[in-house]
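Structure first, commentary second.
As the structure is a prediction and not an experimental result, all values here were calculated from the model.
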Amino acid sequence: MQNENQLIKLRKERLQKIIDKGVAPFPTRSKRTHKIGTLIENKDEFVENSEKVIVCGRLNGMRRQGKIGFGNVLDDTGRIQLFIKRDLVGEENYDIFKLLNLGDFVQLEGECFITEKGEYSIKAHKITLLGKNLRPIPVVKEKIVDGKKVKYDEFTDIELRYRKRYLDLLLNPEIKRNFEIRAKVISIMRRILDGKGFLEVETPILQPLYGGANARPFITHHNTLDIPLYLRIATELYLKRLVVGGFERVYEIGKNFRNEGMDRTHNPEFTAFEVYQAYADYNDMMELAEELLSTIGNEILGTNILDFKGHQININRPWRRASMIELIQEQTGFDASDFNLEKIQNFYKEKEMEFDKVAGPGKLIEGLFEAFVEEKLIQPTFVTQFPREISPLAKAIPENNNLTERFEIFIAGDEYGNAFTELNDPIDQRERLEAQASLRELGDLEANIVDEDFIQALEYGMPPTGGMGIGIDRLTMLFTNNSSIKEVILFPQMKPE
RNA sequence: GCACUCGUAGCUCAGUUGGCAGAGCAACUGACUCUUAAUCAGUGGGUCCAGGGUUCGAAUCCCUGCGAGUGUACCA
């Protein structure tokens, strides 16, 4: 830090020298006639015309040699070499050039030409400072060796990359692609849903009660009302209220907040997509999921065969559909379909797995799924028919009250989405939430809370409805082949230094 | 939460058996009218993550803490 202050001190001395020359270091106006990318795309034309151009950008290379100098100017479309000659710009302007630092923003007036060594450049008529850099930017240099780009002193410290994302984007421009794909994923989803007549809505982030998922919330306080408020853990219960209100097709894309552990697939705030469709069920949701992902793949990558975590993932529809019980049997040979608690517990013992003595058969079946099946599900799979016991918001399947019309989407061993035929029977719903409430009293901090207003809404009547949630962050990881959620969140949560 | 690994200059890294804290780039000064990791000469720059311990002597060995990564647990 001592040293950094010295480096900054030197830059501030430079700044003073520039001010002493009567030059504004942070001028208010700039005037750009061309983006660098345009000059590069139409190189021949610009060289031939000697048209006067003005580009603006950051100085990211400097090679001064006496009375001439070279440098590189970078904007968001590309990089071009600047050539400056004292005899051309005059001594006064050349002195300003000599006082510039890497990282300064400049406006460069001149004409395009090819240097004697063949480099496409702008010959400066005038260079103007647009913004002084005061803190040295790490310098990444590139060289072409055998036609391949070799980088020197790359900015790679993962912690620094996340803490100072602006430097990451500046010095590792290929990272921008993750966020461009992220934006495209969302815009394609919006376009598809809007095209089907879904209404995009915004429901409260600050909620007096939280629900719609099993998770611990962030708690805040409203001063005027003097009540606690919770940051939402899901949008589900509000979106269903809208279906009660007569919006038959709604969706929301927004942040959820869960006060839980962080790892490569979990950030405390994350972006979820939730969709509800009246007079539909979970089968319709499966088709929607297939359509969304395969369209995104085709449009963004031009293919539905994705390289991901060392696998070739085929997201072309249709995807495999298999029930949780069936998948457990496939992997272990164990048949849990009778929900016989003692039998399931014995199987846990046989496999030398620990289990919660008070857990019901549904919870234990889920445990078997997690232990034996999840990681095996590489190609996109709808895991269907979850136990009713662990699905308090899903409707039971007509033939078997132990199971619900619910599925989760698994790809490469990770979960991507969760959907059900929504429970719209208010009496059943109340019982299920009350059962959750008693779990909570037994110490399950993630169990659902009874939301009386939500149940009342159902009492007014909700049509049969299919609903689905998909994690946008994980989807972006899939389409950018990243295994850490921090690579697809611009400013991931970090502990303060 | 637990386990393992990592933390040295602005950046990327080296530092042997415990023996004066190092390199390249960046920065500063100077030279240089076609460079492109420009070059050449010179200069400055360190809380070796923090604290404690062992030792004549610690960046190095030990302990504790902090931060990060990976795995694992939990979290649909």
Side-chain angles (χ1 to χ4, degrees), chain A residues 1-11 13-14 60-72 79-88 94 101-103 113-121 123 135-145 149-164 167 171 212-216 233-234 258-268 270 324 354 363 366-367 369-371 374 383 386-387 390-394 406-410 414-420 444-446 469 471 483-484 486 492 494-497:
Chain A
M1 280 301 150
Q2 191 84 29
N3 175 53
E4 190 174 53
N5 287 338
Q6 285 182 23
L7 289 171
I8 291 170
K9 202 175 137 206
L10 283 165
R11 300 245 165 161
E13 284 170 15
R14 276 280 172 94
N60 87 328
M62 260 241 267
R63 297 174 292 281
R64 288 204 295 112
Q65 37 183 336
K67 297 180 183 63
I68 65 166
F70 298 88
N72 299 101
R79 193 175 72 169
I80 194 164
Q81 175 165 268
L82 84 88
F83 172 75
I84 186 165
K85 195 170 176 179
R86 197 184 66 172
D87 295 351
L88 272 178
Y94 196 74
N101 288 115
L102 292 181
F113 81 118
I114 308 279
T115 62
E116 285 172 21
K117 290 288 165 68
E119 178 84 8
Y120 184 45
S121 309
K123 187 184 288 178
R135 190 174 288 266
I137 293 177
V139 175
V140 178
K141 297 204 173 191
E142 294 172 357
K143 187 186 183 181
I144 311 288
V145 179
K149 201 184 273 186
V150 181
K151 280 195 175 185
Y152 296 83
D153 302 334
E154 211 167 351
F155 184 71
T156 52
D157 185 289
I158 290 177
E159 185 176 349
L160 268 183
R161 284 186 46 231
Y162 297 154
R163 287 191 193 278
K164 296 198 180 294
L167 291 181
L171 301 170
N214 295 15
R216 290 153 70 186
I233 58 172
R258 296 187 186 176
N259 205 340
E260 285 165 353
M262 296 155 61
D263 60 29
R264 40 169 279 281
T265 55
H266 295 84
N267 194 62
F270 63 100
M324 182 180 277
E354 290 186 11
K363 181 89 186 155
E366 185 191 30
F369 171 76
E370 286 170 0
E374 268 188 18
V383 178
F386 277 56
I390 55 163
S391 311
L393 301 167
R406 171 182 176 186
F407 70 82
E408 287 191 354
I409 301 165
F410 277 85
D414 282 328
E415 190 222 321
Y416 282 76
N418 182 23
F420 359 111
D444 183 349
L445 296 173
E446 276 132 19
S483 54
S484 169
K486 289 191 169 81
M494 302 288 278
K495 262 199 189 181
E497 286 175 281

Given [options], the nucleotide with the shortest approach to the side chain of [X]:
X	options	value
Asp263(A)	A76(B), U72(B), A68(B)	U72(B)
Arg264(A)	G10(B), C74(B), G71(B)	G71(B)
Glu159(A)	A76(B), C13(B), A68(B)	A68(B)
Leu160(A)	C11(B), A27(B), C34(B)	C11(B)
Ser484(A)	G10(B), A26(B), U70(B)	U70(B)
Glu415(A)	A76(B), A68(B), U70(B)	A76(B)
Arg11(A)	U70(B), C34(B), A27(B)	A27(B)
Asn101(A)	A76(B), A27(B), G69(B)	A27(B)
Arg406(A)	U33(B), G10(B), A76(B)	A76(B)

task: Please tell me which of Asp157(A) and Gln81(A) maps to the more 5' nucleotide of RNA chain B, matching each residue to the nucleotide holding its nearest heavy atom.
output: Asp157(A)
Nearest-nucleotide 5' precedence on RNA chain B, Gly61(A) against Gly71(A): Gly71(A)
- prompt: Looking only at side chains, do Gln6(A) and Arg11(A) share a donor and an acceptor under 3.5 Å apart?
  reply: no
message: Checking side-chain polar atoms at under 3.5 Å, does Ser391(A) have a donor or acceptor matched by the opposite partner on Arg406(A)?
response: yes
Is there a Watson-Crick or G-U wobble partner for [N] with both distances under 3.5 Å, and which nucleotide is it?
N	value
G42(B)	C28(B)
A9(B)	none
U64(B)	A50(B)
A3(B)	U70(B)
G19(B)	C56(B)

Between [N] atom [atom2] and [X] atom [atom1], what is the distance in whole Å?
X	N	atom1	atom2	value
Arg258(A)	C74(B)	CZ	P	17 Å
Lys143(A)	A37(B)	NZ	P	6 Å
Met262(A)	U72(B)	CE	P	18 Å
Arg63(A)	A27(B)	CZ	P	13 Å
Lys9(A)	G44(B)	NZ	P	15 Å
Leu7(A)	G10(B)	CG	P	7 Å
Leu167(A)	A26(B)	CG	C1'	14 Å
Asn60(A)	A26(B)	CG	P	13 Å

Is the distance from OP1 or OP2 of [N] to the nearest side-chain N or O of [X] less than 4.0 Å?
X	N	answer
Arg14(A)	C28(B)	yes
Asn214(A)	C74(B)	no
Lys363(A)	A76(B)	no
Lys85(A)	U33(B)	no
Lys486(A)	G69(B)	yes

If we take the [atom1] atom in both [N] and [M], what is their distance in whole Å?
N	M	atom1	value
C20(B)	C2(B)	C1'	42 Å
U12(B)	U5(B)	P	23 Å
A23(B)	U8(B)	C1'	13 Å
A41(B)	G46(B)	C1'	25 Å
C62(B)	U17(B)	P	14 Å
U55(B)	G65(B)	C1'	23 Å
G53(B)	U60(B)	C1'	15 Å
C75(B)	C66(B)	C1'	25 Å

query: Would you say the base of A31(B) and the side-chain of Arg64(A) have a donor-acceptor pair closer than 3.5 Å?
result: no
Check: G24(B) base within 3.5 Å donor-acceptor of Asp153(A) side chain: yes
task: Fit a plane to each ring of Phe70(A) and Phe83(A), take the angle between them on a 0 to 90° scale, and name the class: parallel (under 30°), tilted (30 to 60°) or perpendicular (over 60°).
output: tilted
Mind checking [X] for me? I need base, sugar-phosphate or nothing, with any heavy atom below 4.0 Å counting as a touch.
X	result
Lys495(A)	sugar-phosphate
Thr156(A)	sugar-phosphate
Arg163(A)	sugar-phosphate
Phe386(A)	nothing
Glu154(A)	sugar-phosphate
Glu370(A)	nothing
Leu102(A)	sugar-phosphate

query: Do other residues, nucleotides or ligands put more than 12 heavy atoms under 6.0 Å from Glu13(A) CD?
result: yes
For Lys495(A) against Arg163(A), the heavy-atom pair lying closest together: O-NH1, 2.6 Å
message: I'd like to know if the side chain of Asp157(A) and the backbone of Leu160(A) have a donor-acceptor N/O pair within less than 3.5 Å.
response: yes
message: So Arg258(A) and Phe270(A), do their side chains get closer than 4.5 Å, heavy atoms only?
response: yes
task: Could you tell me whether Lys149(A) and Glu142(A) make a salt bridge, using a distance below 4.0 angstrom between a side-chain N and a carboxylate O?
output: yes
message: Using a 6.0 Å distance limit plus a 45 degree cone around the ring axis, check whether Arg86(A) lies over the aromatic ring of Tyr94(A).
response: no
